[in-house]
Number of protein chains: 2
Amino acid sequence: MPSRQPKRRDAVQTRAALLAAAAEAFARHGFKETRVREICAKAKANLGAVSHYFGTKEALYREVLVMAHRQLVDGERVPEISPGDDPRTALRNWVHFALRLFLLRGAAHPYAGRLFARELRDPTAALDELVAEVMLPVRRSLERVIAALLGDFDEPGLRGQCANFVLALCVMHEQGQEVLRRIGYPAPRTETGLIPLADAITEFALGGMGRIRDLGDRPLRS
Amino acid sequence: MPSRQPKRRDAVQTRAALLAAAAEAFARHGFKETRVREICAKAKANLGAVSHYFGTKEALYREVLVMAHRQLVDGERVPEISPGDDPRTALRNWVHFALRLFLLRGAAHPYAGRLFARELRDPTAALDELVAEVMLPVRRSLERVIAALLGDFDEPGLRGQCANFVLALCVMHEQGQEVLRRIGYPAPRTETGLIPLADAITEFALGGMGRIRDLGDRPLRS
DNA sequence: CAGTAAGTCATACAATTGTATGATATAAGG
DNA sequence: CCTTATATCATACAATTGTATGACTTACTG
(Lines give C-alpha, C1' and ligand atoms only; values in the text may rest on other atoms or scores of the structure.)
Protein backbone atom coordinates (compact mmCIF):
# COMPACT_ATOMS: atom_id res chain seq x y z
CA MET A 1 0.00 0.00 0.00
CA PRO A 2 1.15 3.57 -0.54
CA SER A 3 2.88 4.97 2.47
CA ARG A 4 0.54 7.89 2.51
CA GLN A 5 -2.92 8.44 1.18
CA PRO A 6 -3.42 11.72 -0.57
CA LYS A 7 -5.81 14.15 0.96
CA ARG A 8 -8.71 15.51 -0.94
CA ARG A 9 -6.23 17.03 -3.23
CA ASP A 10 -2.58 16.53 -2.66
CA ALA A 11 -0.12 19.31 -2.13
CA VAL A 12 2.21 18.21 -4.90
CA GLN A 13 -0.70 18.15 -7.29
CA THR A 14 -1.72 21.68 -6.38
CA ARG A 15 1.84 22.86 -6.64
CA ALA A 16 2.19 21.33 -10.08
CA ALA A 17 -1.09 22.83 -11.22
CA LEU A 18 0.03 26.24 -10.04
CA LEU A 19 3.34 25.92 -11.85
CA ALA A 20 1.68 24.85 -15.08
CA ALA A 21 -0.91 27.59 -14.97
CA ALA A 22 1.74 30.14 -14.09
CA ALA A 23 4.00 29.07 -16.93
CA GLU A 24 1.27 29.59 -19.47
CA ALA A 25 0.18 32.89 -18.00
CA PHE A 26 3.69 34.29 -17.67
CA ALA A 27 4.54 33.21 -21.22
CA ARG A 28 1.40 34.87 -22.51
CA HIS A 29 1.40 38.14 -20.59
CA GLY A 30 4.80 38.53 -18.96
CA PHE A 31 5.53 38.80 -15.28
CA LYS A 32 4.02 42.15 -14.44
CA GLU A 33 0.86 41.73 -16.45
CA THR A 34 0.06 38.31 -15.05
CA ARG A 35 -2.37 38.34 -12.14
CA VAL A 36 -1.98 35.97 -9.25
CA ARG A 37 -5.74 35.62 -9.31
CA GLU A 38 -5.61 34.44 -12.90
CA ILE A 39 -3.02 31.79 -12.09
CA CYS A 40 -4.97 30.48 -9.14
CA ALA A 41 -8.20 30.41 -11.08
CA LYS A 42 -6.61 28.49 -13.95
CA ALA A 43 -5.08 26.04 -11.46
CA LYS A 44 -8.40 25.72 -9.65
CA ALA A 45 -6.63 26.69 -6.46
CA ASN A 46 -7.37 29.22 -3.80
CA LEU A 47 -6.04 32.73 -4.00
CA GLY A 48 -3.85 32.10 -1.00
CA ALA A 49 -2.19 29.13 -2.66
CA VAL A 50 0.61 31.15 -4.22
CA SER A 51 1.41 32.68 -0.87
CA HIS A 52 1.26 29.27 0.77
CA TYR A 53 3.35 27.30 -1.70
CA PHE A 54 5.77 29.87 -3.10
CA GLY A 55 5.72 32.83 -0.79
CA THR A 56 5.54 35.53 -3.43
CA LYS A 57 4.62 35.94 -7.06
CA GLU A 58 8.25 36.55 -7.92
CA ALA A 59 9.38 33.35 -6.25
CA LEU A 60 6.76 31.49 -8.26
CA TYR A 61 8.09 33.11 -11.41
CA ARG A 62 11.61 31.98 -10.64
CA GLU A 63 10.39 28.45 -10.08
CA VAL A 64 8.60 28.58 -13.42
CA LEU A 65 11.81 29.59 -15.16
CA VAL A 66 13.73 26.82 -13.41
CA MET A 67 11.09 24.32 -14.47
CA ALA A 68 11.17 25.56 -18.05
CA HIS A 69 14.93 25.31 -18.07
CA ARG A 70 14.88 21.76 -16.79
CA GLN A 71 12.18 20.74 -19.27
CA LEU A 72 14.26 22.19 -22.04
CA VAL A 73 17.63 20.67 -21.21
CA ASP A 74 16.41 17.15 -20.65
CA GLY A 75 13.65 17.31 -23.21
CA GLU A 76 15.62 18.52 -26.18
CA ARG A 77 19.21 18.35 -27.23
CA VAL A 78 20.78 21.64 -28.25
CA PRO A 79 22.20 20.98 -31.72
CA GLU A 80 25.94 20.54 -31.69
CA ILE A 81 28.43 20.42 -34.53
CA SER A 82 30.95 17.62 -34.68
CA PRO A 83 34.20 17.63 -36.59
CA GLY A 84 33.48 16.52 -40.12
CA ASP A 85 29.90 17.74 -40.14
CA ASP A 86 28.84 20.09 -42.89
CA PRO A 87 28.68 23.46 -41.14
CA ARG A 88 25.89 24.59 -43.42
CA THR A 89 23.73 21.70 -42.32
CA ALA A 90 24.67 22.44 -38.74
CA LEU A 91 23.54 26.02 -39.15
CA ARG A 92 20.27 24.87 -40.62
CA ASN A 93 19.76 22.57 -37.66
CA TRP A 94 20.45 25.33 -35.21
CA VAL A 95 18.08 27.76 -36.91
CA HIS A 96 15.40 25.12 -37.01
CA PHE A 97 15.94 24.40 -33.33
CA ALA A 98 15.67 28.06 -32.40
CA LEU A 99 12.55 28.65 -34.46
CA ARG A 100 10.86 25.59 -33.03
CA LEU A 101 11.77 26.69 -29.54
CA PHE A 102 10.38 30.17 -30.00
CA LEU A 103 7.34 29.51 -32.14
CA LEU A 104 6.09 26.03 -31.32
CA ARG A 105 4.90 24.49 -28.09
CA GLY A 106 7.17 21.52 -27.65
CA ALA A 107 5.59 18.61 -25.84
CA ALA A 108 8.37 18.47 -23.29
CA HIS A 109 8.66 22.24 -22.82
CA PRO A 110 5.39 23.91 -23.77
CA TYR A 111 6.36 27.42 -22.75
CA ALA A 112 10.14 27.50 -22.35
CA GLY A 113 10.84 29.36 -25.56
CA ARG A 114 8.09 31.90 -25.06
CA LEU A 115 9.22 32.54 -21.50
CA PHE A 116 12.82 33.09 -22.51
CA ALA A 117 11.83 35.30 -25.41
CA ARG A 118 9.73 37.41 -23.10
CA GLU A 119 12.55 37.73 -20.63
CA LEU A 120 14.69 38.80 -23.54
CA ARG A 121 12.40 41.58 -24.61
CA ASP A 122 11.23 42.65 -21.19
CA PRO A 123 13.84 41.73 -18.62
CA THR A 124 13.05 41.08 -14.99
CA ALA A 125 15.37 40.54 -12.07
CA ALA A 126 15.72 36.92 -13.16
CA LEU A 127 17.42 37.83 -16.43
CA ASP A 128 21.02 37.58 -15.26
CA GLU A 129 20.66 34.05 -14.05
CA LEU A 130 18.79 33.12 -17.19
CA VAL A 131 21.49 34.55 -19.40
CA ALA A 132 24.13 32.47 -17.69
CA GLU A 133 22.13 29.27 -17.43
CA VAL A 134 20.23 29.13 -20.69
CA MET A 135 21.07 31.77 -23.21
CA LEU A 136 24.84 31.57 -23.13
CA PRO A 137 25.05 27.79 -23.59
CA VAL A 138 22.65 27.87 -26.52
CA ARG A 139 24.56 30.76 -27.97
CA ARG A 140 27.86 28.98 -27.59
CA SER A 141 26.59 26.11 -29.70
CA LEU A 142 25.67 28.62 -32.40
CA GLU A 143 29.07 30.21 -32.15
CA ARG A 144 30.78 26.89 -32.75
CA VAL A 145 28.79 26.46 -35.94
CA ILE A 146 29.70 29.96 -37.03
CA ALA A 147 33.35 29.42 -36.23
CA ALA A 148 33.33 26.47 -38.59
CA LEU A 149 31.64 28.55 -41.26
CA LEU A 150 34.05 31.43 -40.96
CA GLY A 151 37.00 29.09 -41.20
CA ASP A 152 40.28 30.94 -41.35
CA PHE A 153 38.56 34.25 -40.80
CA ASP A 154 37.10 33.19 -37.51
CA GLU A 155 37.80 35.71 -34.78
CA PRO A 156 35.88 36.22 -31.51
CA GLY A 157 34.46 39.64 -32.31
CA LEU A 158 33.31 38.72 -35.78
CA ARG A 159 31.96 35.40 -34.59
CA GLY A 160 29.91 37.04 -31.87
CA GLN A 161 28.53 39.63 -34.23
CA CYS A 162 27.45 36.96 -36.69
CA ALA A 163 25.82 35.07 -33.83
CA ASN A 164 23.88 38.20 -32.95
CA PHE A 165 22.71 38.50 -36.52
CA VAL A 166 21.56 34.91 -36.79
CA LEU A 167 19.82 35.18 -33.45
CA ALA A 168 18.11 38.36 -34.60
CA LEU A 169 16.74 36.64 -37.68
CA CYS A 170 15.30 33.86 -35.52
CA VAL A 171 13.98 35.84 -32.61
CA MET A 172 12.28 38.55 -34.61
CA HIS A 173 9.63 36.09 -35.71
CA GLU A 174 8.64 35.72 -32.07
CA GLN A 175 9.11 39.30 -30.89
CA GLY A 176 7.46 40.96 -33.85
CA GLN A 177 4.61 38.54 -34.31
CA GLU A 178 1.86 41.10 -33.97
CA VAL A 179 3.34 43.49 -36.48
CA LEU A 180 4.39 40.78 -38.90
CA ARG A 181 0.93 39.31 -38.87
CA ARG A 182 -0.56 42.68 -39.66
CA ILE A 183 1.64 43.17 -42.70
CA GLY A 184 1.07 39.74 -44.12
CA TYR A 185 3.76 37.55 -42.58
CA PRO A 186 2.04 35.45 -39.93
CA ALA A 187 4.43 33.37 -37.87
CA PRO A 188 4.27 29.67 -38.76
CA ARG A 189 2.67 27.58 -36.07
CA THR A 190 3.28 24.05 -37.35
CA GLU A 191 6.33 21.89 -37.74
CA THR A 192 6.03 21.85 -41.54
CA GLY A 193 5.27 25.54 -41.75
CA LEU A 194 8.56 26.19 -40.04
CA ILE A 195 10.72 24.59 -42.68
CA PRO A 196 10.63 27.19 -45.46
CA LEU A 197 11.30 29.96 -42.97
CA ALA A 198 14.21 28.06 -41.45
CA ASP A 199 15.60 27.43 -44.91
CA ALA A 200 15.31 31.05 -45.92
CA ILE A 201 16.98 32.28 -42.74
CA THR A 202 19.75 29.74 -43.17
CA GLU A 203 20.49 30.74 -46.75
CA PHE A 204 20.38 34.41 -45.89
CA ALA A 205 22.77 33.91 -43.02
CA LEU A 206 25.08 31.73 -45.09
CA GLY A 207 25.24 34.43 -47.71
CA GLY A 208 25.87 37.09 -45.10
CA MET A 209 28.70 35.21 -43.50
CA GLY A 210 30.10 34.23 -46.85
CA ARG A 211 30.31 37.87 -47.85
CA ILE A 212 31.86 38.87 -44.56
CA ARG A 213 34.41 36.14 -45.09
CA ASP A 214 35.06 37.20 -48.67
CA LEU A 215 35.61 40.75 -47.55
CA GLY A 216 38.33 39.11 -45.55
CA ASP A 217 41.04 41.22 -44.11
CA ARG A 218 39.58 44.33 -45.68
CA PRO A 219 38.41 45.68 -42.34
CA LEU A 220 34.68 45.88 -41.90
CA ARG A 221 34.88 48.67 -39.41
CA SER A 222 36.57 51.45 -41.33
CA MET B 1 0.42 94.16 -27.77
CA PRO B 2 -0.31 90.46 -27.54
CA SER B 3 -3.97 89.69 -27.61
CA ARG B 4 -3.63 87.74 -24.44
CA GLN B 5 -1.11 87.75 -21.62
CA PRO B 6 -0.08 84.37 -20.37
CA LYS B 7 -1.23 83.41 -16.95
CA ARG B 8 1.15 82.31 -14.25
CA ARG B 9 1.91 79.39 -16.43
CA ASP B 10 0.21 79.10 -19.72
CA ALA B 11 -1.92 76.19 -20.73
CA VAL B 12 0.01 75.49 -23.91
CA GLN B 13 3.21 75.39 -21.93
CA THR B 14 1.79 72.89 -19.46
CA ARG B 15 0.41 70.79 -22.26
CA ALA B 16 3.77 70.77 -23.99
CA ALA B 17 5.57 69.87 -20.77
CA LEU B 18 3.16 67.01 -20.21
CA LEU B 19 3.67 65.73 -23.73
CA ALA B 20 7.44 65.88 -23.45
CA ALA B 21 7.52 64.18 -20.07
CA ALA B 22 5.08 61.56 -21.25
CA ALA B 23 7.09 60.83 -24.38
CA GLU B 24 10.20 60.14 -22.37
CA ALA B 25 8.38 58.06 -19.79
CA PHE B 26 6.43 56.01 -22.33
CA ALA B 27 9.59 55.40 -24.35
CA ARG B 28 11.40 54.24 -21.25
CA HIS B 29 8.81 52.08 -19.55
CA GLY B 30 6.03 51.45 -22.05
CA PHE B 31 2.40 52.43 -21.70
CA LYS B 32 1.26 50.17 -18.89
CA GLU B 33 4.31 50.65 -16.71
CA THR B 34 4.29 54.41 -16.93
CA ARG B 35 2.57 56.14 -14.03
CA VAL B 36 0.49 59.23 -14.56
CA ARG B 37 2.00 60.51 -11.34
CA GLU B 38 5.49 60.17 -12.78
CA ILE B 39 4.55 62.13 -15.90
CA CYS B 40 2.99 64.94 -13.92
CA ALA B 41 5.91 65.12 -11.54
CA LYS B 42 8.42 65.30 -14.38
CA ALA B 43 6.34 68.00 -16.05
CA LYS B 44 5.99 69.87 -12.75
CA ALA B 45 2.26 69.75 -13.20
CA ASN B 46 -0.54 68.72 -10.93
CA LEU B 47 -1.82 65.16 -10.87
CA GLY B 48 -5.11 66.29 -12.31
CA ALA B 49 -3.41 67.85 -15.31
CA VAL B 50 -3.59 64.72 -17.44
CA SER B 51 -7.28 64.43 -16.74
CA HIS B 52 -7.76 68.10 -17.48
CA TYR B 53 -5.76 68.36 -20.71
CA PHE B 54 -6.10 64.93 -22.26
CA GLY B 55 -8.95 63.18 -20.52
CA THR B 56 -7.27 59.84 -20.01
CA LYS B 57 -3.81 58.34 -19.93
CA GLU B 58 -4.53 56.49 -23.15
CA ALA B 59 -5.54 59.67 -24.94
CA LEU B 60 -2.30 61.25 -23.80
CA TYR B 61 -0.41 58.26 -25.17
CA ARG B 62 -2.08 58.61 -28.54
CA GLU B 63 -1.15 62.28 -28.64
CA VAL B 64 2.44 61.38 -27.82
CA LEU B 65 2.54 58.97 -30.72
CA VAL B 66 1.07 61.56 -33.06
CA MET B 67 3.63 64.08 -31.90
CA ALA B 68 6.48 61.62 -32.39
CA HIS B 69 5.20 60.82 -35.85
CA ARG B 70 5.05 64.45 -36.82
CA GLN B 71 8.50 65.15 -35.40
CA LEU B 72 9.85 62.27 -37.39
CA VAL B 73 8.30 63.03 -40.75
CA ASP B 74 9.20 66.68 -40.88
CA GLY B 75 12.44 66.33 -38.96
CA GLU B 76 14.06 63.60 -40.96
CA ARG B 77 13.74 62.37 -44.50
CA VAL B 78 13.21 58.65 -44.90
CA PRO B 79 15.99 57.56 -47.27
CA GLU B 80 14.74 56.93 -50.77
CA ILE B 81 16.43 55.29 -53.71
CA SER B 82 16.45 57.03 -57.06
CA PRO B 83 17.02 55.43 -60.45
CA GLY B 84 20.73 55.29 -61.06
CA ASP B 85 21.67 55.15 -57.38
CA ASP B 86 23.88 52.34 -56.23
CA PRO B 87 21.43 50.07 -54.39
CA ARG B 88 24.17 48.95 -52.03
CA THR B 89 24.75 52.52 -50.92
CA ALA B 90 21.02 52.95 -50.62
CA LEU B 91 20.81 49.93 -48.36
CA ARG B 92 23.61 51.26 -46.21
CA ASN B 93 21.76 54.56 -45.92
CA TRP B 94 18.57 52.85 -44.91
CA VAL B 95 20.27 50.71 -42.28
CA HIS B 96 22.03 53.73 -40.90
CA PHE B 97 18.75 55.61 -40.78
CA ALA B 98 17.01 52.78 -38.93
CA LEU B 99 19.80 52.33 -36.40
CA ARG B 100 19.95 56.04 -35.70
CA LEU B 101 16.21 56.13 -35.27
CA PHE B 102 16.17 53.24 -32.83
CA LEU B 103 19.35 53.84 -30.87
CA LEU B 104 19.99 57.56 -30.86
CA ARG B 105 17.97 60.47 -29.59
CA GLY B 106 17.54 62.63 -32.66
CA ALA B 107 17.31 66.33 -31.88
CA ALA B 108 14.07 66.66 -33.79
CA HIS B 109 12.53 63.44 -32.52
CA PRO B 110 14.09 62.45 -29.22
CA TYR B 111 11.87 59.46 -28.52
CA ALA B 112 10.15 58.54 -31.76
CA GLY B 113 12.25 55.49 -32.47
CA ARG B 114 12.10 54.16 -28.96
CA LEU B 115 8.35 54.63 -28.85
CA PHE B 116 7.81 52.80 -32.10
CA ALA B 117 10.16 50.01 -31.09
CA ARG B 118 8.26 49.59 -27.86
CA GLU B 119 4.96 49.48 -29.67
CA LEU B 120 6.52 46.86 -31.89
CA ARG B 121 7.52 44.60 -29.07
CA ASP B 122 4.58 45.26 -26.80
CA PRO B 123 1.61 46.35 -28.84
CA THR B 124 -1.18 48.50 -27.49
CA ALA B 125 -4.47 49.47 -29.07
CA ALA B 126 -2.62 52.15 -31.01
CA LEU B 127 -0.55 49.66 -32.98
CA ASP B 128 -2.82 49.34 -36.00
CA GLU B 129 -2.82 53.03 -36.72
CA LEU B 130 0.92 53.17 -36.14
CA VAL B 131 1.55 50.34 -38.57
CA ALA B 132 -0.37 52.11 -41.28
CA GLU B 133 0.99 55.60 -40.64
CA VAL B 134 4.62 55.00 -39.79
CA MET B 135 5.87 51.48 -40.15
CA LEU B 136 4.50 50.68 -43.57
CA PRO B 137 5.88 53.80 -45.29
CA VAL B 138 9.33 53.27 -43.82
CA ARG B 139 9.16 49.65 -44.78
CA ARG B 140 8.13 50.47 -48.33
CA SER B 141 11.23 52.57 -48.78
CA LEU B 142 13.31 49.60 -47.66
CA GLU B 143 11.45 47.35 -50.04
CA ARG B 144 12.27 49.60 -52.96
CA VAL B 145 15.96 49.32 -52.12
CA ILE B 146 15.65 45.56 -51.88
CA ALA B 147 13.79 45.36 -55.16
CA ALA B 148 16.71 47.09 -56.81
CA LEU B 149 19.15 44.70 -55.16
CA LEU B 150 17.23 41.59 -56.16
CA GLY B 151 17.02 42.79 -59.74
CA ASP B 152 15.51 40.20 -62.02
CA PHE B 153 14.75 37.94 -59.11
CA ASP B 154 12.59 40.51 -57.40
CA GLU B 155 9.23 39.13 -56.42
CA PRO B 156 6.85 40.42 -53.74
CA GLY B 157 7.13 37.46 -51.38
CA LEU B 158 10.89 37.30 -51.52
CA ARG B 159 11.21 41.06 -51.27
CA GLY B 160 9.05 41.17 -48.18
CA GLN B 161 10.95 38.37 -46.54
CA CYS B 162 14.25 40.09 -47.16
CA ALA B 163 12.79 43.29 -45.72
CA ASN B 164 11.84 41.38 -42.60
CA PHE B 165 15.37 40.08 -42.29
CA VAL B 166 17.00 43.47 -42.67
CA LEU B 167 14.56 44.96 -40.21
CA ALA B 168 15.33 42.18 -37.76
CA LEU B 169 19.03 42.92 -37.93
CA CYS B 170 18.37 46.57 -37.15
CA VAL B 171 15.68 46.26 -34.53
CA MET B 172 17.37 43.58 -32.47
CA HIS B 173 19.93 46.05 -31.29
CA GLU B 174 17.14 48.00 -29.67
CA GLN B 175 14.95 45.15 -28.46
CA GLY B 176 17.73 43.01 -27.09
CA GLN B 177 19.82 45.77 -25.56
CA GLU B 178 19.77 44.38 -22.05
CA VAL B 179 20.86 40.92 -23.07
CA LEU B 180 23.38 42.12 -25.63
CA ARG B 181 24.97 44.38 -23.07
CA ARG B 182 25.31 41.50 -20.64
CA ILE B 183 27.10 39.33 -23.16
CA GLY B 184 29.51 42.00 -24.27
CA TYR B 185 27.77 43.77 -27.14
CA PRO B 186 26.57 47.10 -25.76
CA ALA B 187 24.46 49.06 -28.19
CA PRO B 188 26.30 52.05 -29.65
CA ARG B 189 25.02 55.33 -28.36
CA THR B 190 26.92 57.81 -30.52
CA GLU B 191 26.78 58.77 -34.16
CA THR B 192 30.29 57.46 -34.83
CA GLY B 193 29.76 54.31 -32.81
CA LEU B 194 26.88 53.50 -35.09
CA ILE B 195 28.89 53.33 -38.27
CA PRO B 196 30.71 50.02 -37.88
CA LEU B 197 27.50 48.32 -36.84
CA ALA B 198 25.62 49.79 -39.77
CA ASP B 199 28.40 48.66 -42.11
CA ALA B 200 28.42 45.15 -40.71
CA ILE B 201 24.66 44.82 -41.00
CA THR B 202 24.75 46.16 -44.53
CA GLU B 203 27.42 43.73 -45.68
CA PHE B 204 25.68 40.83 -43.98
CA ALA B 205 22.41 41.71 -45.63
CA LEU B 206 24.03 42.24 -49.02
CA GLY B 207 25.58 38.82 -48.76
CA GLY B 208 22.31 37.27 -47.71
CA MET B 209 20.36 38.76 -50.57
CA GLY B 210 23.13 37.99 -52.97
CA ARG B 211 22.98 34.35 -52.06
CA ILE B 212 19.22 34.27 -52.29
CA ARG B 213 19.53 35.80 -55.71
CA ASP B 214 22.22 33.35 -56.76
CA LEU B 215 20.08 30.46 -55.65
CA GLY B 216 17.74 31.92 -58.21
CA ASP B 217 14.97 29.78 -59.52
CA ARG B 218 16.08 26.87 -57.40
CA PRO B 219 13.12 27.18 -55.09
CA LEU B 220 13.93 28.19 -51.56
CA ARG B 221 10.90 26.57 -50.09
CA SER B 222 11.24 22.90 -50.97
C1' DC C 1 -12.81 97.75 -9.55
C1' DA C 2 -15.96 93.98 -9.87
C1' DG C 3 -16.84 89.94 -12.44
C1' DT C 4 -15.68 86.13 -15.07
C1' DA C 5 -13.13 82.60 -17.34
C1' DA C 6 -9.52 79.53 -16.83
C1' DG C 7 -5.27 77.25 -14.95
C1' DT C 8 -3.62 75.00 -10.82
C1' DC C 9 -3.93 72.63 -6.69
C1' DA C 10 -4.94 69.38 -2.82
C1' DT C 11 -7.65 65.80 -2.09
C1' DA C 12 -10.81 62.03 -2.66
C1' DC C 13 -12.55 57.78 -4.54
C1' DA C 14 -13.13 53.41 -6.56
C1' DA C 15 -10.87 49.68 -8.66
C1' DT C 16 -7.13 46.56 -8.86
C1' DT C 17 -3.75 43.58 -6.90
C1' DG C 18 -0.19 41.20 -3.99
C1' DT C 19 -0.01 39.33 0.39
C1' DA C 20 -1.48 37.56 4.81
C1' DT C 21 -4.51 35.17 8.18
C1' DG C 22 -7.72 32.68 10.88
C1' DA C 23 -11.16 29.14 10.32
C1' DT C 24 -12.57 24.72 8.51
C1' DA C 25 -12.13 20.23 6.63
C1' DT C 26 -9.57 16.10 5.87
C1' DA C 27 -6.50 12.37 6.72
C1' DA C 28 -2.78 10.06 9.31
C1' DG C 29 -1.06 8.17 13.87
C1' DG C 30 -1.64 6.30 18.36
C1' DC D 1 -11.85 7.58 18.87
C1' DC D 2 -9.01 11.44 19.68
C1' DT D 3 -5.17 14.23 18.58
C1' DT D 4 -2.38 16.44 15.34
C1' DA D 5 -0.73 18.07 11.04
C1' DT D 6 -1.87 20.25 6.87
C1' DA D 7 -4.41 21.45 2.65
C1' DT D 8 -7.93 24.51 1.40
C1' DC D 9 -10.90 28.27 1.84
C1' DA D 10 -13.17 32.85 2.46
C1' DT D 11 -11.89 37.09 3.63
C1' DA D 12 -9.28 41.06 4.91
C1' DC D 13 -5.80 44.61 4.31
C1' DA D 14 -2.62 47.86 2.64
C1' DA D 15 -0.56 49.76 -1.32
C1' DT D 16 -0.89 51.42 -5.88
C1' DT D 17 -3.07 53.89 -9.55
C1' DG D 18 -6.27 56.14 -12.91
C1' DT D 19 -9.73 59.41 -12.71
C1' DA D 20 -12.58 63.07 -10.95
C1' DT D 21 -13.85 67.29 -8.36
C1' DG D 22 -14.35 71.45 -5.85
C1' DA D 23 -11.77 75.29 -4.09
C1' DC D 24 -8.28 78.74 -4.79
C1' DT D 25 -5.59 81.87 -7.64
C1' DT D 26 -4.62 84.54 -11.56
C1' DA D 27 -5.46 87.59 -15.30
C1' DC D 28 -8.37 89.50 -18.70
C1' DT D 29 -12.77 92.40 -19.63
C1' DG D 30 -16.20 95.74 -19.30
Side-chain angles (χ1 to χ4, degrees), chain A residues 1-65 118 122 124-126, chain B residues 1-65 118 122 124-126:
Chain A
M1 65 177 175
S3 68
R4 181 175 155 281
Q5 283 279 74
K7 305 207 171 174
R8 193 154 55 128
R9 194 180 178 199
D10 202 52
V12 294
Q13 201 179 334
T14 303
R15 240 187 92 98
L18 283 171
L19 277 171
E24 183 188 341
F26 284 138
R28 196 185 301 277
H29 308 119
F31 175 73
K32 259 292 174 69
E33 283 310 296
T34 294
R35 309 297 160 209
V36 174
R37 282 166 171 79
E38 180 197 341
I39 295 173
C40 293
K42 182 90 70 179
K44 296 191 197 309
N46 186 268
L47 174 58
V50 167
S51 244
H52 184 55
Y53 285 99
F54 302 94
T56 69
K57 177 186 173 186
E58 202 192 323
L60 168 59
Y61 181 66
R62 279 196 299 267
E63 287 244 29
V64 165
L65 286 186
R118 192 160 277 279
D122 205 45
T124 73
Chain B
M1 66 178 177
S3 69
R4 180 174 157 283
Q5 284 279 74
K7 308 209 168 169
R8 191 157 54 132
R9 195 179 176 198
D10 202 52
V12 295
Q13 201 180 334
T14 303
R15 240 187 91 100
L18 284 171
L19 277 171
E24 183 188 341
F26 285 138
R28 196 186 302 277
H29 310 119
F31 175 74
K32 261 286 171 82
E33 284 310 296
T34 294
R35 308 298 160 211
V36 173
R37 281 165 172 79
E38 179 198 342
I39 295 173
C40 294
K42 182 91 70 178
K44 297 191 197 308
N46 186 266
L47 174 59
V50 167
S51 244
H52 185 55
Y53 284 98
F54 302 94
T56 70
K57 177 185 174 186
E58 201 192 323
L60 168 59
Y61 181 66
R62 278 195 300 267
E63 288 242 30
V64 165
L65 287 186
R118 192 160 278 279
D122 205 46
T124 73

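Just so we're clear, the structure is a prediction, and the values are computed from it rather than from any experiment.
Between Gln13(A) atom CD and dA27(C) atom P there is a gap of 13 Å when expressed in whole angstrom units. dT17(C) atom C1' lies 12 Å from atom CD1 of Ile39(A), rounded to whole Å. For Lys44(B) and dA10(C), the NZ to C1' distance is 18 Å, given to the nearest whole Å. Rounded to a whole Å, the CD atom of Glu38(B) is 10 Å from the P atom of dT17(D).
Side-chain nitrogen and oxygen atoms of Tyr53(B) include at least one within less than 4.0 Å of the OP1 or OP2 phosphate oxygen of dT8(C). In this model, the phosphate group of dG7(C) is not approached by any side-chain N or O of Thr14(B) to a distance below 4.0 Å at OP1 or OP2.
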Nucleotides 19-22 of chain C: which of its N/O atoms have a protein N/O under 3.5 Å away?
from	atom 1	to	atom 2	distance (Å)
dT19(C)	OP2	Lys57(A)	N	2.8

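Side-chain atoms of Ile39(A) and Leu60(A), non-hydrogen and from C-beta on, do get closer than 4.5 Å to each other. Contact of the Arg118(A) side chain with the Phe31(A) side chain is not registered, since no non-hydrogen atoms from C-beta on lie closer than 4.5 Å. You'll find the side chain of Glu33(B) reaches within 4.5 Å of the side chain of Lys32(A), heavy atoms only.
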For salt bridge (charged side-chain N to carboxylate O under 4.0 Å, His left out), just list the numbers for Glu58(A) and Arg62(A), CA-CA rounded to whole Å, side-chain angles, deciding distance to a tenth of an Å, and then say yes or no.
CA-CA 6 Å; Glu58(A) 202 192 323; Arg62(A) 279 196 299 267; 3.1 Å; yes
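With sequence neighbours excluded, the residues forming a side chain to side chain donor-acceptor pair (under 3.5 Å) with Arg15(A) are Glu63(A), listed by chain and number.
Below 30°, between 30° and 60°, or above 60°: for Phe26(A) and Tyr61(A) the angle between ring planes is above 60°, a perpendicular geometry.
Note that the CZ atom of Phe54(A) and the CG atom of Leu18(A) stand 5.5 Å from one another [nearest 0.5 Å]. In this structure, CG on Leu65(A) lies 6.5 Å from OG1 on Thr124(A), to the nearest 0.5 angstrom.
Contacts between residues 22-35 of chain B and DNA chain D, defined by a heavy-atom separation under 4.0 Å, are made by Thr34(B), Arg35(B).
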